[in-house]
Amino acid sequence: MQKVENTPKKKIVIFASGNGSNAENIIKYFLKKGTAEVVAVFSNNRTAKVLRRAHDLEVKALHFDREALYESDDVLNLLKDMKPDLVVLAGFLWMFPKKIIKRFPNKVINIHPALLPKYGGKGMYGMNVHKAILEQKEVETGISIHYVNDKYDEGELIFQTTTAIEAKDTVEDIAEKIHQLEYEYFPKVIEKLLFSSEDA
Ligand code: GAR
């Protein structure tokens with residue numbers, strides 16, 4: 001059962017590095033649903049638009065540096081206090097630390113703007129992915145949502161869906177198609193992960 005009066009909301013924490021349109025979409029989706037809430041947005045980039053978007057939607061917006069993520073346990077300790085049900089990487093470009101993955105097994109997921117295992121790995125993010133896909137004259141692309149492990153884009157797949165590439169499509173057209181898929185499916189996949197065990 002998904003919504004019961006007085007049932008505590010599931011907690012989502014988002015990590016993002018830049019624009020944050022997915023983060024905003026996820027925040028708004030669960031604001032409407034009321035079953036879960038994004039309790040914080042973390043960014044490695046102090047000037048990232050995602051922090052402004054979170055702040056404007058009254059979600060805690062936090063910036064961290066390499067030291068806080070990798071060398072000390074500052075970010076890990078903040079997460080432990082927040083007790084998230086799911087940690088969502090939505091356009092997060094740094095390697096996610098092993099110690100956090102270990103502390104939250106099967107609770108860290110990522111979205112990738114291509115059909116993994118193709119077009120994944122270090123350096124494959126955002127427009128770089130779409131450019132490579134156009135150069136290879138692919139006829140379709142899509143999105144992949146997967147669990148995060150200690151290798152870029154190699155964790156177990158949770159969900160994929162595709163979209164066709166037309167001969168006239170530019171890199172921007174592909175990016176737009178991918179974003180539309182992400183906006184439609186990412187919140188629903190998150191919702192399913194948060195609630196499916198309760199439906200069983
Ligand atoms: C999204 O398309 C996401 O799939 C991609 O970055 C974009 C972020 O957009 N992630 C990666 O490339 C990770 N390798 P947004 O900041 O507007 O949500």
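All ligand and atom numbering here is 1-based and tracks the order in the structure. Values reported hereafter were calculated over all heavy atoms of this structure, with side chains retained and with hydrogens, waters and symmetry mates removed.
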F96 and F92 aromatic ring geometry - parallel, tilted or perpendicular at 30°/60° bounds
perpendicular
Would you say the side-chain atoms of N45 and S17 include a donor-acceptor pair closer than 3.5 Å?
no
Side chains of Q136 and Y119: donor-acceptor distance under 3.5 Å anywhere?
no
Just jot down the salt bridge (charged side-chain N to carboxylate O under 4.0 Å, His left out) partners of K98, sequence neighbours excluded, or say none.
D150
Under a 4.0 Å threshold between the charged nitrogen and the carboxylate oxygen, would R53 count as salt-bridged to E24?
yes
Contact residues of ligand 1 with a heavy-atom cut-off of under 4.0 Å?
N19, G20, S21, N22, G91, I111, H112, P113, M124, Y125, G126, H179, E182
Taking only Lys NZ, Arg NE, NH1 and NH2, and the carboxylate oxygens of Asp or Glu, determine whether D173 and K177 approach each other closer than 4.0 Å.
no
